[in-house]
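The structure under discussion appears below in the form of structure tokens.
Each residue takes its place number in the sequence, starting with 1.
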Amino acid sequence: MPSLFASYLRVYEPLTAFDRDRQVFWRRYAKEGRDLGPVEGPVRQRTAVLEALGAGWTRLPDLPDEAYVLEWENALLICPWNLRLRVAEAALNARDGVPAVLADAFVPPVLAGQAKAVVEDWRSGAKVLEQGVPRVHEQIATWGVPLRWFAFVDLDEREIALTGRRRMLRYRTEISKARRRAHRAVSVLRKALGDAPITEAVEEGTRWLEEFHPRSVVELDYGGLVNLLPEDTLTSDDSPGLVAAGLSALSRGDAESASEAYEKLTARWRAVALLERSN
């Protein structure tokens, strides 16, 4: 199965963020080397979801616990895949835009109700904080990178490898830094633009970051997008820098410079999105 043309925003949490049973499980999982890297992982996730969706649609299946594992400053960090949520989302998406008769035949109402309950529980910040419902550790975007994600990382945090069989471009940072940048971005956007869609989008991302352990690590991974873009484009990509420049201009009241940075950024990623039509 080919690599997915998607990008990923992940949070890796230390073992202390999980309950005792989960800590034992994830420590053994990492020790046995059962984890896959971010290159192979998306393919395994997609395969697991497709196989689950073909299992008769009588109920949401019980899927194995999988995760990405990261060693960061002598600590073991875990980014669970949350496959049950992925299957629930796929079940609901399968009903979108389909006549009711066909939707009920393919995804029965009982199953759809189960899927909706799973998605609502996983996405409810209140339940996450009050009842300990597992957090969604990975966000996925196809055919591009959401511009708000760049507000959480810094250009100096880029890691890039374009030689050999596996290409990679990602940013990794401590979640404390990502949160500070996120809150600053919200403050600047709210003051300059008010309740604009971009303000609300960054606020939503900021609330998501607040759900995790303070010693977590945030990763913005270009994933399969690196296979779409030429080497010189990846090497010269400065998207986080453009976002930072735009926010800085807005904070100074320099609307012209902010618009210039935004237009350059949107044009760059619009060109990537248009590749979907030619695929």
Side-chain angles (χ1 to χ4, degrees), residues 5-11 125 136 138-160 162 168-212 214 216-226 228-277:
F5 298 130
S7 59
Y8 307 88
L9 186 65
R10 305 185 180 104
V11 174
V136 179
E138 181 181 53
Q139 297 188 26
I140 303 173
T142 56
W143 298 98
V145 180
L147 302 188
R148 62 186 179 276
W149 291 3
F150 293 119
F152 308 149
V153 298
D154 186 85
L155 188 58
D156 291 337
E157 294 162 344
R158 183 175 68 173
E159 301 175 18
I160 186 170
L162 302 178
M168 175 271 294
L169 195 161
R170 69 187 176 211
Y171 297 84
R172 282 178 175 168
T173 188
E174 294 91 347
I175 199 169
S176 58
K177 294 180 180 178
R179 286 172 175 168
R180 285 198 298 271
R181 293 166 185 154
H183 283 290
R184 177 181 179 275
V186 170
S187 177
V188 170
L189 291 169
R190 181 154 295 285
K191 182 178 179 180
L193 305 178
D195 294 327
I198 184 61
T199 306
E200 295 175 355
V202 176
E203 283 184 328
E204 181 180 353
T206 303
R207 288 193 296 269
W208 179 69
L209 290 174
E210 293 293 346
E211 295 177 5
F212 299 97
S216 299
V217 168
V218 177
E219 176 182 82
L220 195 171
D221 182 2
Y222 278 35
L225 299 181
V226 296
L228 289 174
L229 302 171
E231 183 173 325
D232 59 340
T233 299
L234 293 169
T235 302
S236 62
D237 181 76
D238 61 345
S239 296
L242 286 174
V243 169
L247 289 170
S248 179
L250 280 178
S251 68
R252 301 191 308 268
D254 186 352
E256 182 177 352
S257 295
S259 296
E260 182 179 344
Y262 178 76
E263 289 171 3
K264 184 176 181 180
L265 190 65
T266 54
R268 173 181 301 168
W269 289 103
R270 187 183 301 115
V272 176
L274 289 174
L275 293 174
E276 181 179 10
R277 298 182 182 180

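To the nearest 0.5 Å, atoms OG (Ser187) and CG (Leu250) are separated by 11.5 Å.
A donor-acceptor contact shorter than 3.5 Å is absent between the side chain of Ser257 and the backbone of Asp254. Between the side chain of Trp143 and the backbone N or O of Leu225, no donor-acceptor pair lies under 3.5 Å. The backbone N or O of Ala244 lies less than 3.5 Å from no partner atom in the side chain of Ser248, so there is not a single donor-acceptor pair. Side chain of Thr173 to main chain of Ala178: no donor-acceptor pair is present (N/O by atom type, distance under 3.5 Å, no hydrogens or angles).
A salt bridge between Arg179 and Glu210 is present, with a side-chain N of the basic residue lying under 4.0 Å from a carboxylate O of the acidic one. A salt bridge between Asp195 and Arg190 is present, with a side-chain N of the basic residue lying under 4.0 Å from a carboxylate O of the acidic one. Between Lys177 and Asp154 there is no salt bridge, since no side-chain N of the basic residue sits under 4.0 Å from a carboxylate O of the acidic one. Salt bridge annotation for Glu219-Arg158: absent, with no cationic side-chain nitrogen under 4.0 angstrom from a carboxylate oxygen.
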Validation: residues 234-243 side-chain donor-acceptor distances under 3.5 Å, sequence neighbours left out:
unit_1: Thr235; atom_1: OG1; unit_2: Glu231; atom_2: O; d: 2.9
unit_1: Ser236; atom_1: OG; unit_2: Asp232; atom_2: O; d: 2.8
unit_1: Ser236; atom_1: OG; unit_2: Thr233; atom_2: O; d: 3.4
unit_1: Asp237; atom_1: OD1; unit_2: Ser239; atom_2: OG; d: 3.0
unit_1: Asp237; atom_1: OD1; unit_2: Arg268; atom_2: NH1; d: 3.4
unit_1: Asp237; atom_1: OD2; unit_2: Tyr222; atom_2: OH; d: 2.6
unit_1: Asp238; atom_1: OD1; unit_2: Arg268; atom_2: NH1; d: 2.9
unit_1: Asp238; atom_1: OD1; unit_2: Arg268; atom_2: NH2; d: 3.0
unit_1: Ser239; atom_1: OG; unit_2: Arg268; atom_2: NH1; d: 3.2
unit_1: Ser239; atom_1: OG; unit_2: Trp269; atom_2: NE1; d: 3.1

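Other residues, nucleotides and ligands contribute over 12 non-hydrogen atoms within 6.0 Å of the CD atom of Glu203.
For Ala258 against Ala249, the heavy-atom pair with the smallest separation is N-CB, 3.6 Å. Here the closest non-hydrogen pair linking Ile175 and Phe212 is CD1-CB, 3.8 Å. Between Ser7 and Pro146 the shortest heavy-atom distance is OG-CD, 4.1 Å.
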Using the rule given for side chain to side chain contact (heavy atoms under 4.5 Å, CB included), can you reason through Leu189 versus Val202, listing the C-alpha separation, both sets of side-chain angles and the distance that settles it, and then say yes or no? CA-CA 9 Å; Leu189 291 169; Val202 176; 3.8 Å; yes
Does the side chain to side chain contact (heavy atoms under 4.5 Å, CB included) test come out yes or no for Ser216 and Glu174, once each step is laid out? CA-CA 6 Å; Ser216 299; Glu174 294 91 347; over 6 Å; no
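Within the 4.5 Å cutoff, no side-chain heavy atoms of Phe152 are placed close to those of Leu220. When side chains are defined from C-beta on, Arg172 does not count as touching Glu157, because their heavy atoms never get closer than 4.5 Å. Counting heavy atoms from C-beta on, the side chains of Tyr262 and Ile198 never come closer than 4.5 Å.
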